[in-house]
Protein chains: 2
Amino acid sequence: MSGLYDRRMPRTKSGSLQSLRRANQERLLTLLLRKGPTHRAELARRADLSRTTVSTIVTELMARGLVVEQDGDPDGDGRAKETLAVNPGAAVALGLDFTFDHVWVHLSDLAHNEIAGAGRAVDPDLGWAERIDVAADLLERLIAEHGLDRGRIVGAGVGLPGPIEKATGIVSTSLPDQPWSHVHAADEFQRRLRLPVAIENNTRLEAVAEAYSGAGRGIRDLMYVGLSNGIAAGLILDGRVFRGAVGAAGELGHTTINVDGPACPCGNRGCLVLHAGIPAVLGALRPHLGAKATVEDVLAAAAAGDRACEGVLADVGQMTGRVLASLCNLLNPERIVVGGELARAGEVLLDPLRTAIRRYALTLVREVDVVPAALDLGARAGAVGGAALILRERPGLASALVELTEPARKPAEPAPIGR
Amino acid sequence: MSGLYDRRMPRTKSGSLQSLRRANQERLLTLLLRKGPTHRAELARRADLSRTTVSTIVTELMARGLVVEQDGDPDGDGRAKETLAVNPGAAVALGLDFTFDHVWVHLSDLAHNEIAGAGRAVDPDLGWAERIDVAADLLERLIAEHGLDRGRIVGAGVGLPGPIEKATGIVSTSLPDQPWSHVHAADEFQRRLRLPVAIENNTRLEAVAEAYSGAGRGIRDLMYVGLSNGIAAGLILDGRVFRGAVGAAGELGHTTINVDGPACPCGNRGCLVLHAGIPAVLGALRPHLGAKATVEDVLAAAAAGDRACEGVLADVGQMTGRVLASLCNLLNPERIVVGGELARAGEVLLDPLRTAIRRYALTLVREVDVVPAALDLGARAGAVGGAALILRERPGLASALVELTEPARKPAEPAPIGR
DNA sequence: AAATCTTTGTCAAGACTATTGACGTACTTA
DNA sequence: TAAGTACGTCAATAGTCTTGACAAAGATTT
């Protein structure tokens, strides 16, 4: 996982006395980041430190602007607690998402609040370098517009289409006409952004957004399923993003559901995506709605009670559910979040999906609950997830925050974002 | 995961000065346990400690008998290194495995070497309590026979048939006639063994044995597939055992491979196990080999070139491979280890399995390599895995080792193993 | 309304640990 | 044989955290 991150950690000699202080600073900061606002005595208990030590460290952190006092609830016996919290404005996380025809940029504060966001449609044929230019342009505007300090951006989570090779950070899609094919994305973004960068597959970022601030909050074993042109999964296993040996985990669309089915460009027959992807849905309804129908049209018609549309969406749910049933047997997730454009069909699709899981999965595992993506983010989900990924998984985030506010540090470098 | 472990950790105030020494002791010990023998300067670099500190700590650890000097390779420039290693005999890990007709007991030293092991066939109808009695009896004999110190056993990894509920440690098989159904195994073994206990599914323990000392050594994302009466997987994801939301992850046998296939007791139709489980194999060959044929007979016949047997085993491989292809798309493992009784068929089965994966999985993920289980452990694999699980995943093992050798500690308690 | 209880946050003194810098040692290379 | 290199150890120093005591702030009881 760390392969995707810049590893210029502050080489503090962990274990030494000098760094013991630093380590404890980071520990308290991490506690505040994870568990939310608390008071000093509680922190002391959690971190197994004395109240005295916590006091001195908190004083330092407050002087650095990383921690602020809130007015919390004056509950409980004894003297009133002085509630402390991480200063959400102390730093910013950046999320970028590149889909085949859009570029999205998102900035979150430390509390996952949206600071700013923007998106722009791009020509599907646009090259990758130009796409980065678009993102840089959007980012520059947001920074200028909101008067942000570049030095306070603690990392960028970047979503790209296709699998990302974990070891190298190269986009290794097998389709040669994809703009990102074989681009060493980790390096490129590193070079352009001068930030710790995490490259991730689009769907995986949507999963992250749902897992940390959407319908999957607090779930350790989560499966996010994106139903759109392709069908893919983003897995959160044991509370962490799972990527697979080479970063290719999550492909669902090419699961065979019908050995004698139609041929697929992938080389097999009867793949799920041929029956349940958006092109298949539109194809099936072409006689009914005409050749120019869009997903919007189908969803609208289904919502209005059109039987044919309802039927096709129900089939999508049923077939997807059958595949998910097997995967539930294998992975036993606690929750499945269904997202992507088709998921907006709602219960017309979800109900048959649930039924299929209950029917085809084993007793214990079919207790999984299946919910629609909760975010009204739509296409922005990927970029939101990118920022969330940084806030949750960037190694040494607390360390970076302390570093960022080092009293005797040289003035922030220019940190060029453009080329 | 920690739910399965006894949590009586030494409540040292981590972060305090007193425990800083302890923490560093444990860190060096952990380094030695994980990375194998090294010398002081190397340890200092790895742990970011000064050579001086490492020296003093190592002296203490040697006085406690946890670390010993070896004669290592005198390579490199400069003064010869004094190679250090964990004293393998400093502690013992216990593995227990309960299959439907056997009880296995295994003791490993800290270097995963076998100290002792034993097994006994039991009546399939035997109750769970009596099975524990059998295990306790075997264990007592081994302890007596080898003159072992009970106080040095640092934990027990226990394999049971069926899924184990992660939160409670209850065996939650849905079959009411299983001896372990609904037994609160974690509690029971805790009570009987007075040890940190990890309860795990049999197949998962076999996976652990392969992962840490067999054909899957060093692989972060590993899939172990057990082919015997049932068909199940044990997953090592991101280097750790994966259990799923309620501990039921790993079921492969009831993946539907044929919608119109025969009915299965699980309620579905055309499950893989109906076509590729041992009963199915024997059933298919009954006209050919007779009703009394065993797996041994089939394997022997296939090895001798019997076309019918070869064909059936090849079919098992092909069908299993088709299912694994989908799972590779989802999980993108680095290696698949095939174990269980049927895996002993060798290439007759593995070759079609590989072919199916290459044919049905996507480009990137089908580079997975597929190997047979390397251990000549046979049925003992589960017990070996139990001990390995303790050595690799027991939280605070290093801590326990230090604790164990505390200079001023009260004499080891009787630690009754029987009732 | 006063007294008591409980818990929080701070202060000063003391205990402990790890580092620094220097030294002797042991082995390799020229 | 001499120089070079890296390892392991020693004494002195600097730094951090804890202990124990105390004032502060609110809740509860009398």
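Proteins get letters first, then strands, A, B, ... in listed order; numbering begins at 1 in each. Since this is a predicted model, take the numbers as computed values, not measurements.
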Taking 4.0 Å as the cut-off, does a side-chain nitrogen or oxygen of [X] come that near to OP1 or OP2 on [N]?
X	N	answer
A/Ser55	C/dG9	no
B/Asn24	C/dA18	yes
A/Arg21	D/dC17	yes
B/Arg45	D/dC7	yes
B/Thr53	C/dT17	no

message = Under a plain distance cut-off of 3.5 Å, with no hydrogens placed, do B/Arg27 and B/Asn24 share a side-chain donor-acceptor pair?
response = yes

Length of the line joining [X]:[atom1] and [N]:[atom2], which is rounded to integer Å:
X	N	atom1	atom2	answer
B/Leu43	D/dG8	CG	P	9 Å
B/Arg22	C/dA18	CZ	P	13 Å
B/Glu42	D/dC7	CD	P	8 Å
A/Leu28	D/dT16	CG	P	15 Å
A/Leu20	C/dT17	CG	C1'	9 Å
A/Arg27	D/dT16	CZ	C1'	13 Å
A/Arg40	D/dC17	CZ	C1'	18 Å
A/Glu60	D/dG15	CD	P	13 Å

message = Nearest to the A/His39 side chain among D/dG8, C/dG9, C/dA18, which nucleotide is it?
response =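 When the side chain of A/His39 is considered, C/dG9 is the closest of D/dG8, C/dG9, C/dA18.
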
query = Closest to the B/Leu49 side chain: D/dT18, C/dT19, C/dT10?
reply = C/dT19

task = Would you please name every residue forming a side-chain contact (heavy atoms from CB on, under 4.5 Å) with A/Arg46, sequence neighbours left out?
result =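 A/Arg46 satisfies side-chain contact (heavy atoms from CB on, under 4.5 Å) with A/Leu31, A/Lys35, A/Glu42 only.
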
Going by side chain to side chain donor-acceptor pair (under 3.5 Å), name the residues that satisfy it together with [X], two or more places apart in sequence or in a different chain.
X	result
B/Arg40	B/Glu82
A/Gln25	A/Glu60
A/Asn87	none
A/Ser50	A/Thr53

task = Classify the side chain of B/Thr52 and the base of D/dC10 as holding, or not holding, a donor-acceptor pair under 3.5 Å.
result =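 Yes, the side chain and the base share a sub-3.5 Å donor-acceptor pair.
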
query = To the nearest 0.5 Å, what is the distance between OG (B/Ser108) and CG (B/Leu389)?
reply =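 One finds 11.5 Å between OG of B/Ser108 and CG of B/Leu389.
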
Pick out the pairs of N or O atoms, protein on one side and nucleotides 23-26 of chain C on the other, that lie under 3.5 Å.
from	atom 1	to	atom 2	distance (Å)
C/dG24	N2	B/Arg79	NH1	2.5

